Amino acid sequence: MNQDELRHWSKRAADWAADYHAGLRDRPVRASVRPGDVAARLPARAPEEPEPMEAIFADFEALVPDAMAHWQHPRFFAYFPAAAAPASMLAEQLANAMAAQCMLWQTSPAATEIEQVMVRWLRDALGLAGHFTGTIHDAATTATFCAVLTMRERALGWTGLTQGLAGQARPRIYASDQTHSSIDKAVRMAGIGQENLMKLPVRADLGMDPDALARAVAADRDAGHLPAGVVVCVGGTSVGAIDPVREVLEVARAEGLYTHVDAAWAGSAMICPEFRALWDGVDLADSIVFNPHKWLGAQFDCAVQFLSDPGPQIRTMGLRPDYLQTPGAEEITNFNEWTVPLGRRFRALKLWFLLRAEGLEGLRARIRDHVAWSRELAGRLQDDPRFEIVTASPLSLLSFRLTGDDADARTEALLERVNDDGRIYLTLTRHAGRPVIRVAVGGWATTHADVLAVHDVLGELAGSDD
Ligand SMILES: *Cc1c(COP(=O)(O)O)cnc(C)c1O
């Protein structure tokens with residue numbers, strides 16, 4: 001393929017993309033393929049001779065879209081939606097065109113400096129204190145891993161990096177039992193070990209008990225362990241649990257522990273001042289992560305980590321071998337030193353396009369709509385005797401189950417019918433030991449009618465139950 005052909009096919013791809021989005025409503029939200037179906041339609045070996053792009057493109061159209069869950073479908077209410085604003089998709093096309101690798105300032109001055117400015121724009125948009133700086137990662141998991149490694153090294157006086165963990169006291173990490181599995185993964189990858197992640201049971205309001213945290217830290221100190229850090233949950237993935245942020249951070253501070261706030265989903269809502277009470281006290285944190293790729297509208301992937309002082313994380317993650325030295329290194333930021341991989345994508349561009357094309361007011365309006373619509377849906381489900389709301393987050397996540405006999409098995413069966421039906425896409429979780437169906441409102445193209453349609457579809461499919 002030469003550059004002239006690239007020009008031609010890029011235009012074809014842009015047309016395809018526009019048609020795809022225009023036709024999304026007519027597709028089932030979730031693919032109905034069985035495991036192995038797609039692979040079975042691909043040749044066993046790579047072609048020896050070049051194939052015409054016409055054939056490749058035709059195969060893409062024939063094979064791929066029908067075998068994908070459509071994350072930009074307006075009736076995608078599963079997991080947390082990954083909203084992609086058109087402006088962010090456009091920016092990604094341009095970043096792809098340059099195929100840039102943004103590991104150092106020198107390899108990508110614009111990427112580095114737009115990233116710095118976007119982190120500042122978002123810090124201010126979320127109402128965070130002016131001392132926060134930060135960086136953009138691929139995923140919240142990466143940010144959390146960096147924060148947990150920093151907790152470990154800070155507690156060990158930066159000896160783990162060079163000597164390893166053998167013979168050291170056990171670093172202990174504290175989190176509520178509502179935190180995301182990325183915290184478990186982080187302690188495992190950091191060599192801290194699952195047994196040293198102290199998962200504290202939550203109170204009735206699904207928040208961590210700060211007194212229980214203080215007691216756990218004291219008990220660990222008595223046992224000769226090394227309390228290292230606390231991960232604070234703001235918007236848990238299962239049902240949206242929120243810790244009492246200020247109280248937990250105050251206990252952590254008093255104990256000298258490093259703190260990381262996981263607001264991967266809920267953080268986007270903080271562009272609306274009326275939701276900031278949900279994370280009151282967050283300015284006391286050392287590290288905060290939120291994913292603009294979930295609810296803000298920056299196309300996947302894009303996770304922003306704010307740091308009150310980047311020093312400890314850079315000391316933990318940063319390496320500067322001879323071949324990466326850049327002259328004048330004091331005045332410039334090399335973001336690879338803040339994270340896991342050396343190579344980095346140009347993720348700031350889509351934030352720049354998104355924030356300008358929509359404006360903060362446009363983004364706030366969308367989030368407010370999602371919250372209001374999800375409350376309206378919760379009300380309708382609650383008023384329908386067939387359903388029972390189990391949890392309703394103050395944001396746009398709710399969970400429910402069927403009422404009546406054998407509710408658990410019938411709830412699970414209902415979810416299967418819903419997802420086979422294809423008009424909406426929902427997922428299951430367990431709450432207090434029982435299955436519940438989640439509804440997460442947050443799609444870029446989702447309308448009021450789409451959200452209310454959840455009740456209609458559920459009513460129809462629940463009705464056929466008995
Ligand atoms: C989605 C989510 C994560 C994981 O996000 P990735 O960016 O996919 O790693 C972590 N924590 C919470 C609360 C989440 O909702």
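Just so you know, these numbers use all the heavy atoms, side chains as well, and skip hydrogens, waters and symmetry mates. Please read these numbers as outputs of a predicted model, since none were measured by experiment. Numbering of ligands and ligand atoms starts at 1, following listing order.
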Which residues share a ring-ring contact (aromatic ring centres under 6.0 Å, His included) with [X], sequence neighbours left out:
X    : value
H431 : none
Y258 : none
F387 : F400

Is a side-chain N or O of R152 found less than 3.5 angstrom from the main chain of A190, in a donor-acceptor match? yes

Donor-acceptor pair, side chain of T446 and main chain of P74, under 3.5 angstrom: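 Answer holds: yes.
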
Closest heavy-atom contact between A67 and L63? CB-O, 3.6 Å

Counting only heavy atoms and a distance below 4.0 Å, can you name the residues contacting ligand 1? F80, A139, A140, T141, H180, S182, G235, T237, D262, A264, N291, H293, K294

